[in-house]
Each structure stands twice: as C-alpha cells, then as structure tokens.
Amino acid sequence: MIYSQVMQDQNKVYIKVDGYVSNSDIKGFIRDYKTQIKGIKTNKFNLVIEPNTFECENEADIKNVCIMFYKTGYRKIYLVDPNNYIMSNIKLSGLEKKMFLSVVKIVKSSSEIR
C-alpha cells in the first residue's frame, strides 16, 4: 500500500509505504500522486517518505518512483527510516548511492524534520 497526502498548511507532501506493493499499486499511486500535486509549487514543499517494512513486485519500480520524486523539484526530501530498512535492502551502485544520499536526508523520526 502506498498512501500520499498534501499538507498545504505545513508545506509538506507526506508518503507512507507499507505491506506488499504490486506494479498496479505503483501505477495507481503515480496517477493519484500527479493529480494531488497538480497546481502546487513543489519547490516550496518538503517531501517526507515514511516506509514501513514492505515488499515490492519489481524493485526497479521503486527506483523509478524515486527518480520521479527527484525530478519533481522538492525543496528537501526526507526519508524517515529508524531501522535503516531502506538503505540495507535497496541495491544501488556506488554512484547511485552517492547521488541518492546527496538528495535525500535520512532521519530516525519525523520529529527531526524542520
């Protein structure tokens, strides 16, 4: 399951990932996500992604969604990952990892986000 919410009052787009994520779930999420952010200036918003333990049908889809977030132009992208689940399970080359960490700030809890 992928859940997203635009919080206008906090200048934040919040995304939560949990459970099993199929290809159709990702396609539906992308369609809904694009509708939700239509009309907002993403460069004035922070993107907060909070993944719980999840499995995906195709890991390349997750990488493509992350690239889409990067290209959207958010002011800052935060990954709430208290157990280091994402970084220990995602397969990135050295260059991809360097680029990922230069764009995404990994935090232990949402209270660390300014």
Side-chain angles (χ1 to χ4, degrees):
M1 171 190 92
I2 304 176
Y3 166 80
S4 63
Q5 180 180 6
V6 176
M7 299 175 173
Q8 294 275 354
D9 57 329
Q10 299 175 17
N11 287 349
K12 176 168 66 171
V13 176
Y14 175 77
I15 297 175
K16 183 171 182 154
V17 184
D18 195 6
Y20 182 77
V21 182
S22 68
N23 288 342
S24 62
D25 290 338
I26 291 177
K27 288 177 184 175
F29 164 74
I30 290 172
R31 185 177 44 255
D32 294 342
Y33 168 78
K34 286 182 178 180
T35 302
Q36 284 181 333
I37 66 164
K38 190 176 271 187
I40 68 169
K41 294 182 179 184
T42 55
N43 62 350
K44 298 185 188 279
F45 280 74
N46 291 333
L47 175 64
V48 178
I49 305 168
E50 188 171 349
N52 287 330
T53 304
F54 71 94
E55 294 180 37
C56 57
E57 191 172 340
N58 185 359
E59 288 188 20
D61 287 339
I62 298 295
K63 195 182 286 190
N64 292 337
V65 170
C66 291
I67 291 169
M68 178 189 70
F69 291 149
Y70 173 72
K71 288 181 177 180
T72 305
Y74 285 99
R75 180 173 53 191
K76 292 188 180 177
I77 299 175
Y78 295 96
L79 180 64
V80 181
D81 193 12
N83 299 326
N84 202 27
Y85 175 76
I86 294 294
M87 292 311 292
S88 62
N89 289 309
I90 196 168
K91 294 173 178 67
L92 298 174
S93 69
L95 182 59
E96 289 173 329
K97 188 172 185 177
K98 185 176 181 179
M99 285 184 62
F100 180 81
L101 293 174
S102 71
V103 174
V104 177
K105 181 171 181 171
I106 300 172
V107 294
K108 298 284 183 193
S109 72
S110 56
S111 63
E112 294 179 35
I113 300 170
R114 296 179 210 155

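Position 1 is the first residue of the sequence, and the numbers go up from there.
- The CG atom of L47 lies 15.0 Å from the NZ atom of K105; values are rounded to the nearest 0.5 Å.
- Remark: of the listed residues N52, I2, V80, V48, N52 is the sole one forming a side-chain contact (heavy atoms from CB on, under 4.5 Å) with K16.
- The neighbour count for M99 CE, taken as heavy atoms of other residues, nucleotides or ligands under 6.0 Å away, does not exceed 12.
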D32/T35 under side chain to side chain donor-acceptor pair (under 3.5 Å): CA gap, chis, key distance, verdict:
CA-CA 5 Å; D32 294 342; T35 302; 5.5 Å; no

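- Considering only heavy atoms from C-beta on, I106 comes within 4.5 Å of L101 through its side chain.
- Other residues, nucleotides and ligands contribute more than 12 heavy atoms inside 6.0 Å of the CZ atom of F54.
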Carefully, step by step, assess V13 and F69 under the rule side-chain contact (heavy atoms from CB on, under 4.5 Å).
CA-CA 11 Å; V13 176; F69 291 149; over 6 Å; no

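- Hydrophobic cluster membership differs between I40 and Y14, with clusters built from Ile, Leu, Val, Met, Phe, Trp and Tyr side chains linked at under 4.5 angstrom.
- Using a 4.5 Å cut-off on side-chain heavy atoms (C-beta onward), I113 and K76 make no contact.
- Formation of a donor-acceptor pair under 3.5 Å by the T42 side chain with backbone atoms of F45 is not found in this model.
- For the pair E57 and N23, the tightest heavy-atom approach, listed with the atom from each and the gap, is OE1-N, 3.1 Å.
- I15 and M7 end up in different hydrophobic clusters when Ile, Leu, Val, Met, Phe, Trp and Tyr side chains are linked at under 4.5 Å.
- Side chain to side chain, Q36 and S4 meet the donor-acceptor criterion of an N or O pair below 3.5 Å.
- No continuous path of ILVMFWY side-chain contacts below 4.5 Å connects Y78 to V17, so the two sit in separate hydrophobic clusters.
- Taking CD of Q10 as the reference point, atom CD of Q5 lies at 8.5 Å (rounded to 0.5 Å).
- Using a 4.5 Å heavy-atom threshold, the side chains of V21 and F29 count as separate.
- Taking the six-membered ring where the residue is Trp, Y33 and Y74 present tilted rings, their angle falling between 30° and 60°.
- By the 4.5 Å heavy-atom criterion applied to side chains, I30 and K27 are not counted as neighbours.
- The NZ atom of K108 lies 10.5 Å from the CG atom of L79; values are rounded to the nearest 0.5 Å.
- In this structure, OH on Y3 lies 13.0 Å from CG on D18, to the nearest 0.5 angstrom.
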Test log, rule side-chain contact (heavy atoms from CB on, under 4.5 Å), inputs F100 and Y70:
CA-CA 9 Å; F100 180 81; Y70 173 72; over 6 Å; no

